[in-house]
Amino acid sequence: MTMRKFASLLFVIFGTLFSHTTFATLLSMELTRGIAGAMPIVITPFSIQGVPPTEDMAAIISNDLKNSGRFKLSTSKMDDKVVGAVKEVGAGRYQVSFQLLEGKGASQPTVLLNRHYTVSGNELRALAHHMSDAIYLQLTGVRGVFSTRLAYVVKQGEKHILEVADQDGYDPRPILTSSASIMSPAWSHDGKRIAYVSFENERAAIYITNVATGARSLVSEFKGLNQAPAWSPDDRKLALVLSKDGLANIYIMDLASHQLTQLTHDYSYINTEPSWSPNGRSLIFTSNRGGNAQIYQLDLASKAVTRLSFDGSYNARASYTPDGNHITMLNRESGAYNIGILDLDTGVFRVLTNTGSDNESPSMAPNGSMILYGTQYNGRNVLSMVASDGSVQIRLPARNGEVQDPAWSPFLT
Amino acid sequence: MQLRSRVKNLMIMGCVLALSSCAAPGHKDQGQDGAYGAGDNSVQSSGVGQRSHFGDSAAGPNQSLAKRTYYFDYDKSEIHAQDKAAISGNADYLMSHPHAKVILEGHTDPRGSREYNVALGERRANAVAEFMKAKGVNPEQIRVVSYGAQRLAAPGRTEHDYQLDRRVVLVYVR
């Protein structure tokens with residue numbers, strides 16, 4: 001059995017199992033579907049010398065690894081183990097060390113990781129995520145996303161907030177607070193800027209905000225639509241949607257000169273949601289030129305357009321996996337809006353969500369392992385994550401108000 | 001005084017038909033997104049000035065002039081036959097009042113992709129704008145803005161709510 005077939009089989013099993021499960025009421029990040037054969041790992045409480053830190057390092061690492069869906073917490077001597085120590089060294093600083101030790105199940109148990117750091121107390125949480133990344137990479141061979149961040153829009157009554165939080169939902173910080181709608185946040189590939197659409201003057205405009213300083217600049221305020229910003233891989237250009245000449249068409253703006261190049265020339269149909277291929281040679285976008293919304297690819301050199309999606313009556317908001325081999329998208333089939341993934345080599349399309357809610361805005365983790373998206377839970381808009389092989393599903397912490405339109409950051413370190 | 005009460009009546013009719021909150025005369029229409037131009041820490045909001053609803057008996061049947069919300073089918077931007085009289089009535093008003101201006105706000109239901117919905121909302125508003133221009137309205141009197149699914153008319157997730165969400169709202173501006 002090939003790996004892909006095995007993954008499909010797993011998906012079918014879990015899909016069947018969980019489609020009949022009623023989720024319990026939850027107020028925190030919650031793993032609602034875990035992987036069969038998750039790796040067992042022992043994480044012991046860190047030893048503490050001096051003034052105890054405010055953060056429980058072992059608890060943060062445990063949550064990270066457990067919520068990745070790839071690990072399950074164990075107490076067996078046979079399993080790999082994380083041990084650590086935190087020592088207060090004065091002036092609010094700490095010496096932190098941890099080791100990843102092979103379990104007695106290994107033929108010749110060795111020390112896999114042995115790291116030491118000196119940080120200030122307010123860096124301990126970030127350091128714990130950094131340790132999770134190291135452990136995840138060591139044991140899975142894939143770079144972890146525990147130090148990445150999420151951008152999303154919160155709607156509290158008449159207030160709209162563009163917010164950035166750690167990938168586990170902690171430490172939310174406002175980037176923009178407005179009395180008007182905010183939508184479509186998009187991270188630059190260097191992780192330093194976020195482009196978004198704001199309706200603050202009763203018309204759509206695209207702005208870019210520097211995440212660290214909060215400084216922002218107006219990028220696009222043409223007559224009509226100013227929508228769906230998407231950064232080129234080198235962050236020098238922004239693909240965007242304008243309707244200044246009639247209907248929604250896709251353009252590329254050079255960010256240094258603000259010069260526009262029109263890519264689609266369609267005056268009968270919608271063209272929107274451009275997304276760059278990782279190599280920057282093509283864009284995928286949503287168009288209803290075939291009668292209903294489907295995903296198309298535009299080759300930037302030849303300008304040739306190819307239809308990519310064929311499953312379902314509606315496909316939109318597509319984006320590539322980091323390896324460029326798959327695209328994730330919003331898929332409508334039998335009236336249900338789900339998140340799906342298309343294998344560009346085989347043409348095989350798989351639906352990953354089965355929540356029974358109307359899902360929206362899929363955004364890929366920078367390691368391709370998970371897809372962040374908007375859904376509904378208890379009648380409110382919330383964020384959720386699903387593994388790109390369907391094996392893991394996580395709901396993010398409930399917040400006051402509606403949480404929607406998420407975007408996963410690139411690697412930030 | 002008589003004109004004032006007539007304006008008020010028209011506004012009430014407009015409110016009922018639009019199924020949305022209307023502002024009192026002389027006050028801003030706050031819409032669903034709240035007070036435009038209100039003080040805000042991080043957004044320097046400049047606003048677009050006062051909005052108000054005009055009423056004028058000379059512009060044709062009151063009923064058609066007051067009907068300023070037009071509904072659409074799922075993923076469609078074709079004007080319903082029963083709305084054409086109302087759109088024509090407002091087109092006549094604009095032609096006889098060359099200084100009057102309207103915003104056509106396009107909206108969709110919450111399902112599907114947010115950005116596709118903004119484009120779809122614009123198509124709906126454009127359909128109404130084109131109909132009015134074909135009647136002879138000066139394009140300078142019309143501005144189109146699409147909010148997609150960002151300002152729902154009905155918060156629920158039933159087919160009835162969706163029908164109320166899929167709309168173009170005609171707003172007179174000063």
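By convention in this document, chain letters (A, B, ...) are assigned in the order of the sequence lines, proteins followed by strands, and residues within each chain are numbered from 1. This is a predicted model, so every value here is computed, not measured.
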>> Could you measure the distance from the OG atom of B:S113 to the CG atom of A:N315? Nearest 0.5 Å is fine.
In response: 10.5 Å
> A:S184, A:G214, A:A204: which one forms the most heavy-atom pairs within less than 4.5 Å of chain B?
Replying inline: A:S184
> What do the steps show when you test A:E360 against B:R111 for side-chain contact (heavy atoms from CB on, under 4.5 Å), and what is the final call?
Replying inline: CA-CA 8 Å; A:E360 57 120 356; B:R111 296 172 298 170; over 6 Å; no
> In terms of heavy-atom pairs under 4.5 Å, which option from B:A119, B:A125, B:G148, B:S146 contacts chain A the most?
Replying inline: B:A119
> Taking it one step at a time, do A:M183 and B:V118 satisfy side-chain contact (heavy atoms from CB on, under 4.5 Å)?
Replying inline: CA-CA 10 Å; A:M183 63 186 292; B:V118 171; 3.6 Å; yes
> Between A:Y269 and B:R123, what is the shortest heavy-atom contact and its length?
Replying inline: CA-NH1, 3.4 Å
> With A:V197, which of B:Q150, B:R114, B:E115 fulfils side chain to side chain contact (heavy atoms under 4.5 Å, CB included)?
Replying inline: B:E115
> Given that the side chain runs from C-beta out, which part of B:V145 has a heavy atom under 4.5 Å from chain A: side chain, backbone, both or neither?
Replying inline: side chain
> Taking atom CG of A:L330 and atom OH of B:Y116, what is their separation to the nearest 0.5 Å?
Replying inline: 12.0 Å
>> Nearest 0.5 angstrom please: B:D75 CG to A:R332 CZ, how far?
In response: 8.0 Å
> Hey, is CD on B:Q82 packed in by over 12 heavy atoms from elsewhere, all under 6.0 Å?
Replying inline: yes
>> Please determine whether the number of non-hydrogen atoms from other residues, nucleotides or ligands lying under 6.0 Å from atom CZ of A:R307 exceeds 12.
In response: yes
> When heavy-atom pairs shorter than 4.5 Å are enumerated against chain B, which of A:P362, A:A316, A:G246, A:A293 gives the highest number?
Replying inline: A:A293
>> Given heavy-atom pairs under 4.5 angstrom as the criterion, report whether the side chain, backbone, both or neither of A:S268 touches chain B.
In response: backbone
> Would A:E202 and B:Y147 satisfy side-chain contact (heavy atoms from CB on, under 4.5 Å), going step by step from the backbone distance to the final call?
Replying inline: CA-CA 9 Å; A:E202 278 188 84; B:Y147 291 101; 3.9 Å; yes
> So which residues of residues 220-227 of chain A are in contact with chain B at a heavy-atom cut-off of under 4.5 Å?
Replying inline: A:G224, A:L225, A:Q227
> Does a sphere of radius 6.0 Å around NE2 in A:H265 hold more than 12 heavy atoms from other residues, nucleotides or ligands, not counting ones at 6.0 Å or beyond?
Replying inline: yes
>> If I measure from the heavy atoms of chain B, does A:N331 come under 4.5 Å with its side chain, its backbone, both, or neither?
In response: neither
> Among A:A228, A:A248, A:P174, who wins on heavy-atom pairs under 4.5 Å with chain B?
Replying inline: A:A228
